[in-house]
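This report concerns only the one structure given below.
The structure presented is a predicted model; accordingly, all values stated were derived computationally and were not measured. We count ligands from 1, going down the list as the structure has it; atoms in each ligand are counted the same way. Quick note: residue numbers are just sequence positions, from 1.
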Amino acid sequence: MSRIWIRDVCVINEGQQTQGDLWIEAGRIKQIGAIADVANADVVIEGRGRWLLPGLIDDQVHFREPGLTHKGDIQSESRAAVIGGVTSYMEMPNCIPTTTDRSALQDKLARAKGRSFANYSFYLGATNDNLEQIKRADPNEICGIKVFMGSSTGNMLVDQEVILEGIFAHAPTLVATHCEDTPIIQDNEQAALARYGEQIPISMHPMIRSEEACYASSSLAVALAKRHGTRLHVLHISTARELGLFSDAPVAQKRITAEACVHHLFFCDADYPRLGTWIKCNPAIKRAQDRDAILQALRDGVIDVIATDHAPHTREEKAQPYRKAPSGLPLVQHSLLSLLEHVHHHRLSIEEVVQKTSHNVATIFGLEDRGYIREGYWADLVLVDPHAPTQVTEESLAYRCGWSPFLGHTFPARVDSTLVSGHLAWHDGQLHPHAAGQPLRFHKDRKI
Ligand code: DOR
């Protein structure tokens with residue numbers, strides 16, 4: 001493993017910008033500051049006015065393995081992740097078979113070993129009848145329990161309140177929820193069918209998967225968590241109305257946290273005429289006011305995490321009419337770039353981006369030695385040039401599905417290097433073929 005000297009770089013960490021050097025050895029950050037003895041460096045990277053951030057930890061991705069590998073797999077999508085500056089990910093259970101018992105979980109861990117370019121962990125999925133599996137889950141082995149409290153891709157809906165009570169009462173670790181009320185969605189869809197027939201326009205998606213559907217389900221999740229003292233993390237908040245459910249207390253003190261996703265921060269309903277079903281996702285992208293309120297909630301500490309919900313589908317699947325096109329879009333290669341665009345326009349500061357994509361994720365999930373630029377921590381790092389533009393071209397896409405909602409867009413910044421556990425995975429436009437991802441480890445006294 002190389003000894004790497006990163007020289008004279010602007011380190012963005014824990015709310016500060018500090019100019020200095022980093023020395024990396026045996027995969028970890030050995031020294032931060034002015035480094036005198038550098039004769040032994042195998043690799044020297046000059047800072048040249050660039051920013052060094054902790055690598056992103058994406059707490060919501062769908063990499064489609066096993067069972068849906070025509071859309072993507074652990075290898076292809078984790079490769080896209082490191083090209084985009086994402087060094088760790090937490091992956092969702094709605095593959096085939098679903099990750100809803102220990103053997104499916106072990107199978108995924110075995111698949112990731114030696115093939116994942118980024119560090120990894122997997123959720124155990126909840127079903128209507130796997131409470132015993134949930135109770136027995138080892139909090140040191142999974143990042144959390146995923147509950148689809150609204151139906152989405154895959155057949156994993158859990159919406160009977162008596163079953164949800166059992167899950168919220170007995171989950172031995174963090175519960176992460178997808179919140180959309182399915183009966184409300186079904187009523188809205190019936191009304192749209194009566195009006196438009198089969199040719200419902202995509203612009204109806206945020207009216208079908210409505211604000212009301214999101215609020216009914218999110219408020220139920222929060223009420224259940226309060227009743228049972230559950231450690232709840234509500235995923236992909238998409239409406240201004242839901243924000244009132246969450247507190248702005250320091251993240252380490254919260255029992256209920258919330259996540260926003262990059263597409264809900266970047267797009268709004270005005271983008272449906274241009275991008276159509278390519279941006280169809282659950283929960284739906286809603287109004288500009290919702291997008292702007294979620295950005296404000298990030299600045300205010302009401303939303304704690306920014307993730308992607310990276311969810312690739314093939315071009316052929318997505319090119320179908322509204323009712324047939326599946327929900328979800330590939331994002332993990334461009335999440336950091338899209339956030340750097342917000343920084344460029346002063347909608348978020350770079351320190352806020354680091355806090356929401358790395359520090360807070362490490363705190364919420366109790367990750368060991370990751371998520372910060374600290375001596376002794378793993379060297380999960382990303383070097384970005386805030387002033388070099390990146391145009392998204394078809395050739396540059398690493399996703400198996402081969403498309404992106406950002407195709408043709410030029411971001412104002414560039415991801416130059418990504419280090420995963422001290423391994424230079426992406427550097428100067430080249431991907432190193434060694435897949436160096438490791439399983440994420442959790443603090444033994446992980447607070448749940
Ligand atoms: O849009 C979505 N796509 N939302 C989800 O909750 C699931 C995801 C997928 O797996 O395709």
- prompt: In ligand 1, which numbered atoms sit nearer than 4.0 Å to a non-hydrogen atom of C281?
  reply: 1 (O)
- prompt: Any ion pair linking K108 and E91 (charged N to carboxylate O, less than 4.0 Å)?
  reply: yes
Enumerated ligand 1 atoms positioned under 4.0 Å from heavy atoms of S152: 2 (C), 4 (N), 5 (C), 6 (O), 7 (C)
task: Take the angle between the ring planes of H62 and F148 and call it parallel below 30°, perpendicular above 60°, tilted in between.
output: tilted
- request: Decide, yes or no, whether a salt bridge links K324 with E317 under the criterion of side-chain N to carboxylate O below 4.0 Å.
  value: no
query: What about the rings of Y120 and F63, do their centers lie closer together than 6.0 Å?
result: no
message: Using a 3.5 Å distance criterion without hydrogens, assess whether the side chain of T98 forms a donor-acceptor pair with backbone atoms of N94.
response: no
message: Suppose I only count heavy atoms of H313 and a 4.0 Å limit; which atoms of ligand 1 are within that range?
response: 11 (O)
- prompt: Short list, please: which atoms of ligand 1 are under 4.0 Å from a heavy atom of D309?
  reply: 4 (N)
query: Atoms of ligand 1 less than 4.0 Å from T153 heavy atoms?
result: 3 (N), 7 (C), 8 (C), 9 (C), 10 (O), 11 (O)
message: Can you name the atoms of ligand 1, numbered from 1 with element, that are less than 4.0 Å from a heavy atom of F148?
response: 6 (O)
message: Between ligand 1 and K280, is the shortest N or O to N or O distance under 3.5 Å?
response: no
statement: Quick note, salt bridge (Lys or Arg N to Asp or Glu O under 4.0 Å) partners involving residues 237-251, not counting sequence neighbours, are none
query: Is the F406 to F267 ring centre distance short of 6.0 Å?
result: yes
field: Side chain, backbone, both or neither: S327 near ligand 1, heavy atoms under 4.0 Å
entry: both
message: Under 4.0 Å from a heavy atom of A311: which atoms of ligand 1 are those, numbered in the order shown and with their elements?
response: 3 (N), 8 (C), 9 (C), 11 (O)
- request: State which residues pass side-chain contact (heavy atoms from CB on, under 4.5 Å) with S417; sequence neighbours excluded, sorted by chain then number.
  value: L383, L424, H427
task: Report, in ascending order of atom number, the atoms of ligand 1 lying under 4.0 Å from any heavy atom of R64.
output: 9 (C), 10 (O), 11 (O)
Heavy atom of the protein closest to atom 4 (N) of ligand 1 (residue, atom name, distance): N282 O, 2.8 Å
